[in-house]
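One structure is given here, and the rest of the page talks about it.
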Amino acid sequence: MPHQDKNLPLAIEVQHLTRTFGSSVKAVNDVSFSVKQGEIVGFLGPNGAGKSTTLRILAGLLPATSGRASIMGFCVATENGEIKRRIGYMPETNPLPDDMTVEEYLRYRACLKELPRWTRRSRVQTVMEMCDLQHKARKKLIGTLSKGFRQRVGIADAIIAQPDVVIMDEPTIGLDPHQVIGIRQLIDSMRGRMTVIISSHILSEIELSCDSVIIINHGRLVAQGSPQKLRQKFLPARRYYVDCKTNADTILSALQTVHTETRIVRSNDTFDGFTRYEIEIPNEAMLGEEIVHELVNKRHIHLREITCKKPCLEDVFLAATRQSWRETTEILPTKK
Amino acid sequence: MKHIPTLFIQELRSQLYAPATYAAGVLFLVLMGAIYVLLLTSSAQMPQEATPAEEFFQLFFIPVWFMVPMLTMRSFAEERRLGTLETLLTTPVTSFEIVVSKFLAAYFLYICLWSLTLLFPYVVSTVSGGIVIAGQLNSPSTLIGGYTFIAVSGLLYTATGIFTSSLTRSQLISAMLSFCLLFIFITGAKMIALIPLGQNPELVSLTNVPEYLRTFQHLEDFSRGILDTRPFFFYTSNAFLMLGLTTLVVRRKH
């Protein structure tokens, strides 16, 4: 269940963060966002958008060229030691030593992360159970594990010290659907206890598990908010599928009585003689009832089905990144 | 510094899993064993100026040139190649703790391998059926001096290997760089001392500088039982310098 509380203190605060490689390549360009404690946030963007660079800066692995990032009130640049005690980080490549067993590795990491000696054993058992490593992988060498189990070991390592903030760069990359669901359930179980920031390309998973989403493109922040808010911002129009046996003009004239700016986005003929029209109505309100009423009364339309198409996060992501590309290409010629 | 024991044990474990460690160990023991036998044989055939133990230590540089690169090339290069250094640096461990623990693990193996050569006289004594007595082959002053020199100079040589490993992701390049630097450290001062500086008294006084840095001179002093503080200071301070540089490289390059 998404969890939104406006009064929660901030876990992550990023202000005007910029990271330049060389003299001209701006991987992250004036990015500002904040994440509240206990929130699960999806960090989205196309390849090369600057997601991993931002996460590496937050993990204290890479210094920012300018701007400020803080975790639990501690500045990432100046209070690195405090930051390391408050984060769990899983990099995109998830590097693990091949010559250790899962249990040995987690004990070693628990020790480095300064877990009290008397809690180490029980904590290792707990995270192995949480990540479903206890029975099949516990005594196996990490080098012999499948990709899915390796990802789980990476996640177990990130959460072993119960950090305030967990940063995961593509935790579900290369996993099969069952494993993705398993990881989602695991992330869900952290809700409210830890702040989680996840970068991923599997947008359906992000939509299901995240309270809010941050989208960046070309190193710039494109959007931040709950999937619902972003839907309203980037895709305010409603879309409906209408299956019927009539031509486009007839259905359009019928629907324009519901809303004058209705338009047909596309149409496909089905094998049984019906046509599926994708209709767009530039209105946030649900007009399903009016559409049904209008079309049912017109018998010559031969209506079979009406479906409201709810835009998924993928549509929002595509609309947001497309808009940012348009803005970038508009800015570039004027700069020249 | 509280993480050093954990990191040291992990590093030692990782070294013991690496085939390069065993290759270095076997090569070292075979080579040093062969050298020892040759020295004993030549001493038995005709009287020598130096004892076999002294001559044995004079050839210390041969194993150092390949053993140190083989023991240290993996430490940072492999971690950097796999990316495990990145996850290590997101824990409350400092770069200096990582550098020190890797150095201590490599140095521990270096000393362990040299310690095995202490058994050579006893092996000879056993093989000869008691004709040669182990105690006769070992002069205490030479042994103490020689092994002290090996231990002290090993600090700098191991630190150099760790430093070159931090510069690259490739173990091969790390080993080659380490070999080159060790070659310069061991023979450089001797080479500089060979440069003719003429009769100018000011220039002649400059020869004291390479004299101070001459590794073989240090070894000779140690072998004769002279424990001079200057070489101690030279090797330990430069080892610390190397470890400091390594820490800076690790911080800068991750």
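All figures in this text were calculated on a predicted structure; none of them were measured in a lab. Order of the sequence lines sets the chain letters (A, B, ...), proteins ahead of strands, with each chain counted from 1.
- The number of heavy atoms from other shown groups lying within 6.0 Å of CZ (B:Phe232) is above 12.
- Within a 6.0 Å sphere centred on OH of B:Tyr147, other residues, nucleotides and ligands contribute more than 12 heavy atoms.
- Around the CE atom of A:Met130, the shell of radius 6.0 Å holds more than 12 heavy atoms that belong to other residues, nucleotides or ligands.
- More than 12 heavy atoms of other shown residues, nucleotides or ligands fall within 6.0 angstrom of atom CZ in A:Phe21.
- Heavy atoms closer than 4.5 Å to chain A are found in both the backbone and the side chain of B:Leu88.
- With rounding to the nearest 0.5 Å, the separation of CZ in A:Arg56 from OG1 in B:Thr90 is 10.5 Å.
- The interface of residues 95-116 of chain A with chain B, defined by heavy-atom distances below 4.5 Å, comprises A:Pro95, A:Leu96, A:Pro97, A:Asp99, A:Met100, A:Glu104, A:Tyr108, A:Arg109, A:Cys111, A:Leu112, A:Lys113, A:Glu114.
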